[in-house]
Amino acid sequence: MRLTRPLAALAALALALLAALVLSGPAHAAGPAYVALGDSYSAGNGAGNYISSSGDCHRSNSAYPALWAGAHSPSSFTFAACSGAVTSDVTGSQLGGLNSSTGLVTVTIGGNDAGFSDVMTTCVTGSDSTCVNRVSQAETFVRTTLPGRLDTVYNAIRAKAPNARVVVLGYPDMYDLSAWFCVGLSSTKHQKIDEAADVLDTTTASVAAAHGFVFGDVRPTFHGHELCSGDAYLHSLVISPSWESYHPTASGHSAGYLPVLNANA
C-alpha cells in the first residue's frame with residue numbers, strides 16, 4: 001500500500017529527526033559558571049597535587065572546588081582561592097571572575113582573620129592557660145568584628161554576581177573529643193580549639209543566612225575523622241612543609257567538603 005504524499009512527507013521528516021538524534025547522541029548541558037573564593041581551606045592547602053602555577057596560594061587539583069568542577073563540567077571555572085587569604089584579600093584580589101553570568105560561587109573565609117595560624121602556634125608551643133586565653137581572644141574577635149568583615153565580602157560577591165547561588169562552606173572541628181588517648185596537645189587545648197571552630201561556624205552561618213546565602217556545615221562529614229580519631233581527614237603538625245599543618249587532607253576534601261558542596265550547590 002502506497003502512502004499518500006502528506007503521510008510520506010511526515011514519515012520522511014520523522015526518520016530524519018530520528019537519525020539526527022541517533023547521530024548526535026544525548027545532549028550534555030554545561031554546568032553553571034563557577035568561581036571558587038577563599039582561603040587555604042578552599043585552595044586545598046594540605047591536599048597535595050598542587051597546581052604549580054598557583055605558587056604560594058597552594059591551590060590543589062584535589063581541593064573541593066577543583067573536584068566539583070571536574071565532576072560537573074561548569075561552563076567556566078575560576079579558582080581564585082589562596083592560602084593565607086583574609087576577607088580583605090577576597091574583596092581586593094579574588095572577585096575578578098565574577099559577573100552576571102556566574103551561576104555558582106563558593107567561599108570559605110574568616111579563619112585567618114581570627115588568627116588561625118597564631119592560635120595554633122600558641123596552643124602547640126604554650127601552656128594550657130596561654131592557649132585558652134589566645135583562643136578566647138579569637139572567639140571575641142569572631143563574635144564582634146568578623147561579622148562586619150563577612151558582610152563586606154558577601155555584599156561584594158552579590159554586587160558582582162547578582163544571579164549566582166552562593167555556598168559558604170565552614171570549617172571542621174579539629175579534634176575528636178571522644179578519643180580516650182591522643183598524642184600531642186592536652187584535652188583542655190583540644191576542647192578549646194573545637195569550641196572556637198564552633199563559634200566561627202555559628203557566626204559565619206548566621207551572617208551567610210542574613211545575605212540569603214547557603215551555609216555548608218562540614219562538621220558532620222568530618223565527624224569521626226577529626227584528629228585523634230585514628231582516621232583523620234586533617235593533618236596534625238607537619239614538619240615539612242609546615243604550612244600543611246592543621247589543614248584537610250585530600251580525603252578531607254573528597255569525603256569531607258565535596259559531599260557538602262554537592263548537597264548545596
Side-chain angles (χ1 to χ4, degrees), residues 38-43 45-46 83-89 107-151 153 168-208 215-249 252 256-257:
D39 58 21
S40 54
Y41 273 62
S42 300
N45 186 337
S83 179
V86 295
T87 50
S88 59
D89 293 317
V107 58
T108 302
I109 198 68
N112 291 325
D113 291 75
F116 170 75
S117 178
D118 184 63
V119 165
M120 294 308 301
T121 299
T122 299
C123 289
V124 168
T125 61
S127 65
D128 281 3
S129 61
T130 302
C131 173
V132 168
N133 289 337
R134 179 63 185 90
V135 175
S136 293
Q137 291 173 12
E139 290 175 343
T140 298
F141 175 91
V142 169
R143 292 188 177 103
T144 61
T145 303
L146 185 61
R149 295 190 182 190
L150 293 177
D151 278 331
V153 171
V168 179
L169 291 107
Y171 298 90
D173 285 327
M174 196 70 67
Y175 294 98
D176 180 355
L177 300 181
S178 68
W180 66 274
F181 176 75
C182 185
V183 175
L185 305 186
S186 68
S187 59
T188 296
K189 293 178 178 180
H190 293 170
Q191 292 171 8
K192 192 64 176 175
I193 291 169
D194 275 8
E195 177 187 286
D198 294 338
V199 170
L200 179 56
D201 282 332
T202 299
T203 300
T204 303
S206 177
V207 180
F215 180 73
D217 191 348
V218 300
R219 288 172 294 179
T221 50
F222 274 81
H223 181 65
H225 299 283
E226 305 93 339
L227 295 174
C228 306
S229 67
D231 185 22
Y233 287 171
L234 293 151
H235 292 285
S236 58
L237 182 63
V238 177
I239 302 302
S240 180
S242 59
W243 42 262
E244 288 190 333
S245 299
Y246 305 109
H247 285 82
T249 62
Y257 271 93

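For reference, positions follow the sequence shown, starting with 1.
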Just by distance, do the side chain of Asn133 and the backbone of Thr130 share a donor-acceptor pair under 3.5 Å?
no
Could you tell me if the ring centre of His247 sits under 6.0 Å from that of Tyr233?
no
Could you pull out all residues at least two apart from Ser186 that satisfy side-chain hydrogen bond (donor to acceptor under 3.5 Å, both in side chains)?
Asp128
Between Tyr171 and Asp39, do the side chains contain a donor N or O and an acceptor N or O under 3.5 Å apart?
yes
When you measure from the side chain of Thr125 to the backbone of Thr121, do you find a donor-acceptor pair of N or O atoms at a distance under 3.5 Å?
yes
Taking only residues two or more places apart in sequence or in another chain, which ones pass side-chain hydrogen bond (donor to acceptor under 3.5 Å, both in side chains) with Lys192?
Ser136, Glu139, Glu195
Validation row, ring centre Phe222 to ring centre Tyr257 under 6.0 Å:
yes
Atom NE2 of residue position His235 - does it have more than 12 heavy atoms of other residues, nucleotides or ligands inside 6.0 Å?
yes
Only counting residues at least two apart or in another chain, list the ones meeting side-chain hydrogen bond (donor to acceptor under 3.5 Å, both in side chains) with Thr87.
Asp113
Taking Asn45 for the side chain and Ser83 for the main chain, is one N or O donor matched with an acceptor at less than 3.5 Å?
no
Considering all heavy atoms, the nearest Thr203-Pro147 contact
CG2-CG, 3.8 Å
Which residue pairs pass the disulfide bond (SG atoms under 2.5 Å apart) test when at least one of the two sits in residues 116-149, sequence neighbours left out?
Cys123-Cys131
Which pairs pass salt bridge (charged side-chain N to carboxylate O under 4.0 Å, His left out) with one or both residues in residues 174-189, sequence neighbours excluded?
none
Does Asp201 have any side-chain hydrogen bond (donor to acceptor under 3.5 Å, both in side chains) partners at least two apart in sequence or in another chain, and if so, which?
Arg219
Is the shortest side-chain heavy-atom distance between Ile193 and Tyr175 below 4.5 Å?
yes
